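The structure under discussion appears below in the form of structure tokens.
FYI, side chains are in, hydrogens and waters are out, and symmetry mates aren't considered; it's all heavy atoms of this structure. Please read all numbers here as calculations on a predicted model, not as lab measurements.
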Amino acid sequence: MIDIALVLIVIIVLFTVFIFLRSLFSLKICALCGAVSFSWITLLIMFYTGYSVDTVLMALLIGGSIVGSMYLLEEKLPERYQLFKLPYFLTGVYIGYVLLKESLDVQAVYIILALWGFTIFLYTTKNNNKIRSITRKIIKCCKNW
């Protein structure tokens with residue numbers, strides 16, 4: 001089985017390689033994100049081809065990528081789109097779950113679709129004073145704690 005010590009060493013090496021590649025080629029990629037993503041994608045391929053891989057470790061790395069991509073979007077997108085953090089995060093969690101579980105959960109899909117629908121409703125009706133108050137609270141959730 002691929003153990004955590006080996007994966008940690010690989011991530012450190014990949015992080016160093018990405019740092020070097022960034023400076024050499026002016027790549028605009030986070031070295032940590034690249035190292036972690038490359039690691040869990042490699043582990044996932046190994047998992048699908050029959051190698052014994054720690055799925056808990058893969059799940060942690062996938063979760064890190066989900067949160068990292070959410071932070072990237074938070075940094076790059078206008079504040080008004082921060083309303084979509086929860087559906088984005090839960091969609092990522094569900095996709096990670098499906099990748100590791102190798103099966104769909106239709107009930108979870110309906111829940112995520114309903115959440116996206118509700119969030120889109122809030123976004124499109126944010127000019128209403130009551131809705132605006134709710135959307136501001138959601139957008140500020142990570143800023144005021």
Side-chain angles (χ1 to χ4, degrees), residues 2 4 6-49 51 53-145:
I2 306 294
I4 189 166
L6 177 60
V7 173
L8 295 176
I9 290 168
V10 167
I11 290 173
I12 292 167
V13 169
L14 287 172
F15 178 82
T16 307
V17 167
F18 275 106
I19 290 285
F20 176 73
L21 291 175
R22 280 185 58 165
S23 62
L24 189 64
F25 297 109
S26 298
L27 293 177
K28 293 193 177 202
I29 184 170
C30 168
L32 180 58
C33 295
V36 170
S37 296
F38 187 86
S39 297
W40 70 257
I41 290 168
T42 302
L43 289 172
L44 190 64
I45 291 168
M46 292 173 73
F47 174 71
Y48 282 142
T49 56
Y51 286 89
V53 177
D54 186 346
T55 54
V56 172
L57 178 56
M58 271 195 303
L60 289 168
L61 295 173
I62 291 170
S65 290
I66 294 165
V67 172
S69 68
M70 194 172 71
Y71 283 141
L72 176 67
L73 289 175
E74 179 179 44
E75 181 182 307
K76 301 290 182 186
L77 294 176
E79 186 178 80
R80 67 182 179 269
Y81 296 117
Q82 304 306 315
L83 183 63
F84 294 95
K85 278 185 191 176
L86 180 62
Y88 177 84
F89 176 76
L90 292 180
T91 300
V93 168
Y94 178 72
I95 290 169
Y97 176 84
V98 169
L99 287 172
L100 296 175
K101 195 74 170 169
E102 300 182 74
S103 66
L104 298 175
D105 183 321
V106 176
Q107 186 177 11
V109 171
Y110 290 143
I111 291 167
I112 289 170
L113 288 174
L115 178 61
W116 275 103
F118 180 69
T119 307
I120 290 168
F121 166 78
L122 289 177
Y123 182 80
T124 58
T125 59
K126 65 181 178 262
N127 291 332
N128 175 298
N129 285 337
K130 288 182 182 181
I131 301 292
R132 186 179 310 124
S133 173
I134 293 168
T135 59
R136 280 189 193 142
K137 288 177 183 177
I138 293 170
I139 289 171
K140 301 292 182 190
C141 76
C142 296
K143 295 179 181 177
N144 298 328
W145 57 277

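- Applying the side chain to side chain donor-acceptor pair (under 3.5 Å) test to every pair with at least one member in residues 30-43, sequence neighbours left out, gives these pairs: S37-S65, W40-S65.
- Residue pairs meeting the salt bridge (Lys or Arg N to Asp or Glu O under 4.0 Å) criterion with at least one member in residues 92-108, sequence neighbours excluded, do not occur.
- Side chains of T49 and F47 form no contact here, defined as non-hydrogen atoms less than 4.5 Å apart.
- Taken to the nearest 0.5 Å, the CG atom of L77 stands 9.5 Å off from the OH atom of Y88.
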Side chains of residues 106-119: which donor-acceptor pairs under 3.5 Å do they make with residues two or more places apart or in other chains?
unit_1: W116; atom_1: NE1; unit_2: T91; atom_2: OG1; d: 2.8
unit_1: T119; atom_1: OG1; unit_2: L115; atom_2: O; d: 2.8

Side-chain atoms of residues 17-25: list all donor-acceptor pairs with protein atoms under 3.5 Å, sequence neighbours left out, distances to 0.1 Å.
unit_1: R22; atom_1: NE; unit_2: I29; atom_2: O; d: 3.4
unit_1: R22; atom_1: NH1; unit_2: I29; atom_2: O; d: 3.2
unit_1: S23; atom_1: OG; unit_2: F20; atom_2: O; d: 2.9

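- Within 6.0 Å of OH on Y48 lie more than 12 heavy atoms contributed by other residues, nucleotides or ligands.
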Carefully, step by step, assess L99 and L44 under the rule side chain to side chain contact (heavy atoms under 4.5 Å, CB included).
CA-CA 8 Å; L99 287 172; L44 190 64; 4.0 Å; yes
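- Atom CZ of F89 sits about 9.5 Å away from atom OG of S69, to the nearest 0.5 Å.
- The two atoms that bring Q82 and L73 nearest to each other are NE2-O, 4.2 Å, heavy atoms only.
- Nearest heavy-atom pair, M58 versus L100, reported as atom, atom and distance to 0.1 Å: CE-CD2, 3.3 Å.
- Counting non-hydrogen atoms of other residues, nucleotides and ligands closer than 6.0 Å to OH of Y94 gives a total above 12.
- Pairs passing the salt bridge (Lys or Arg N to Asp or Glu O under 4.0 Å) check and including a residue from residues 78-95, sequence neighbours excluded, read E74-K85, E79-K140, E79-K143.
- Between L60 atom CG and T55 atom OG1 the span is 10.0 Å, to the nearest 0.5 Å.
- To the nearest 0.5 Å, the span separating CG on N128 from CD1 on I134 amounts to 8.5 Å.
- With sequence neighbours excluded, the residues satisfying ring-ring contact (aromatic ring centres under 6.0 Å, His included) with Y123 are Y81, F84.
- The nearest pair of heavy atoms linking I62 to G96 is CG2-CA, 4.0 Å.
- Atom-to-atom distance recorded for L61:CG and I66:CD1 is 11.0 Å, nearest 0.5 angstrom.
- Of all heavy-atom pairs between I2 and L43, the closest is CG2-CD2, 3.8 Å.
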